[in-house]
Amino acid sequence: MDSVEKKESAERKKTIFSGVQPSGNLTIGNYIGAIRNWTLLQNEYNCIYCVVDMHAITVRQIPAELRRRTYETLAIYIAAGLDPEKNILFVQSHVPAHAVLSWDLGCFTMFGELSRMTQFKDKSQKNADNINAGLFTYPVLMAADILLYQADLVPVGLDQKQHLELARDIAVRFNNTFGDTFTVPDGYIPKTGMKIMSLADPSKKMSKSDSNPNASVGILDGYDDIIRKFRRAVTDSDTVVRYADGKDGINNLMTIYSCFTGKSFEEIEKEFDGKGYGDFKSAVGETVADSLKPLREKFTALMKDKAYLEDIMRMGAENASRIAARTVSKVHRKLGFAQLK
Ligand code: TYM
């Protein structure tokens, strides 16, 4: 890099990439761990947010549902406050470069590395009749997503940390072999809310693929449903609202309440001093239901305008493709592929 390039690169806004799979009803875990933080970062960074539909097919999907959820996920991004003029919002399958780079990077990823991925082990257990190659190579596609855009920062929940570390390892390996090619990305994992737990079993992560409807709270769940689910949340036999070891259910509810109100655990303990779990659960439910109400209303309006969502998808795919093509061309030159001018 010459000095002008160095100056330009220092002045360049950093790039963020992240995504959500349209594989189920998005939960408040997805919101707190990821989407909410994306909205907070959109002014300081060049942000690229993707609906990762290609990741979703590693588990069988009903095609009509996958299509509907793809629109819904994009609408949630916008309804949560992501400005489509400021951010690149797009659908993964609209930019074939993801699959192309994924193949290239797969040749720089070891079988042993992929075998160690805990999410692969979990998902193989849950889908024992369909342990397909895509499920195994899923983290390579995720690395391609991130590295295509030379992302500096990747805001995700804790469950994606291992995948992110693999993406970094792949980038470093490629750079060491072929010279500086990829930006090595850092994770951006929130301190509070990095792992929201199931309301039915607080030792398990809240997940959009959980078959128990009471385990997770959907971003789009109705007002009364949200309150009911929090009232039923599994806690413990203690009665005092305080954050402590062994109180996984209460710790989880305190974390959720803290994320939606900005209050510290100490403040929450004071607020509910002398009150029981019932009052606390109702307060958490009402706060979450109230906070998500504007998002739900905006979502409903957006879903009525498919043409608008398609315009965003089209514009996002064009902008993303332009950036992605630059990286693919650089990688292919380095790999020794013959390139036609
Ligand atoms: P996915 O679709 O499972 O989840 C989307 C985001 O939500 C976070 N998350 C949670 N955070 C806190 N508590 C929870 N209970 C919780 N559940 C989910 C996830 O950490 C994630 O940030 N592989 C990714 C999608 C992906 C991606 C990428 C992300 C594909 N390519 C590139 C970042 C960069 C996934 O399955 O997320």
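Counting starts at 1 for both ligands and their atoms, following the listed order.
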Check your understanding: Any nitrogen or oxygen of F17, main chain or side chain, under 3.5 Å from a nitrogen or oxygen of ligand 1?
Key -> no

Revision key, fill the gap. Ranked by distance from atom 37 (O) of ligand 1, the top protein heavy atom is Q160 NE2, 3.8 Å

Check your understanding: Centroid-to-centroid, H163 to F120, below 6.0 Å?
Key -> no

Check your understanding: Taking the non-hydrogen atoms of I32, is any one of them nearer than 4.0 angstrom to ligand 1?
Key -> no

Point to revise | Protein contact of atom 15 (N) of ligand 1 - nearest heavy atom, named by residue and atom, plus distance | key: I196 O, 2.8 Å

Exercise for review: Measure the distance from atom 4 (O) of ligand 1 to every protein heavy atom, then report the residue, atom name and distance (to 0.1 Å) of the closest one.
Suggested key: N30 ND2, 3.2 Å

Point to revise | Under-4.0 Å heavy-atom contact with ligand 1, by part of M197 that carries it | key: neither

Revision key, fill the gap. So the atoms of ligand 1 within less than 4.0 Å of a heavy atom of V154 turn out to be 33 (C), 34 (C)

Exercise for review: For Q21, counting its heavy atoms only, list the atoms of ligand 1 lying under 4.0 Å from any of them.
Suggested key: 2 (O), 35 (C), 36 (O)

Review point. Side chain, backbone, both or neither: which part of K195 has a heavy atom under 4.0 Å from ligand 1?
Key: backbone

**Study point:** Candidate pair Y257 and F272, rule ring-ring contact (aromatic ring centres under 6.0 Å, His included), full reasoning
**Key:** CA-CA 12 Å; Y257 193 60; F272 292 94; 5.8 Å; yes

Point to revise | Criterion side-chain contact (heavy atoms from CB on, under 4.5 Å) against S258, the qualifying member of V284, L253, T192 | key: T192

Practice item. For residues E297 and T300, determine if any side-chain heavy atom of one lies less than 4.5 Å from a side-chain heavy atom of the other. Key: no

Review point. With a 4.0 Å cut-off on heavy atoms, is A151 touching ligand 1?
Key: no

Review point. Considering only heavy atoms, does A34 approach ligand 1 within less than 4.0 Å through its side chain, its backbone, both, or neither?
Key: side chain

Review point. Where is the nearest protein heavy atom to atom 23 (N) of ligand 1: which residue, which atom, and how far?
Key: Y138 OH, 2.7 Å

Exercise for review: For G193, take its heavy atoms, then give the atoms of ligand 1 lying under 4.0 Å from any of them.
Suggested key: 12 (C)

Practice item. Check each heavy atom of V156 against ligand 1 and say whether those closer than 4.0 Å belong to the side chain, the backbone, both or neither. Key: both

Practice item. With heavy atoms under 4.0 Å as the rule, classify the contact between L141 and ligand 1 as side chain, backbone, both or neither. Key: neither

Exercise for review: Please report which non-hydrogen protein atom sits nearest to atom 3 (O) of ligand 1, along with the residue it belongs to and the distance in Å to one decimal place.
Suggested key: K208 NZ, 3.5 Å

Review point. How far is atom 31 (N) of ligand 1 from its nearest protein heavy atom, and which residue and atom is that?
Key: D145 OD2, 2.6 Å

Exercise for review: Looking only at protein heavy atoms, identify the closest one to atom 10 (C) of ligand 1 and say how far it is in Å.
Suggested key: G29 O, 3.4 Å

Check your understanding: With backbone taken as N, CA, C and O and side chain as the heavy atoms from C-beta onward, which portion of V20 lies under 4.0 Å from ligand 1: side chain, backbone, both, or neither?
Key -> both

Revision key, fill the gap. re atom 19 (C) of ligand 1, the protein heavy-atom contact at minimum distance is D159 OD1, 3.3 Å

Check your understanding: Quick check: does Q119 get an N/O under 3.5 Å from an N/O on ligand 1?
Key -> no

Study note, to complete from the structure: Tightest non-hydrogen contact, residues S102 and V140, listed as O-CG1, 3.3 Å

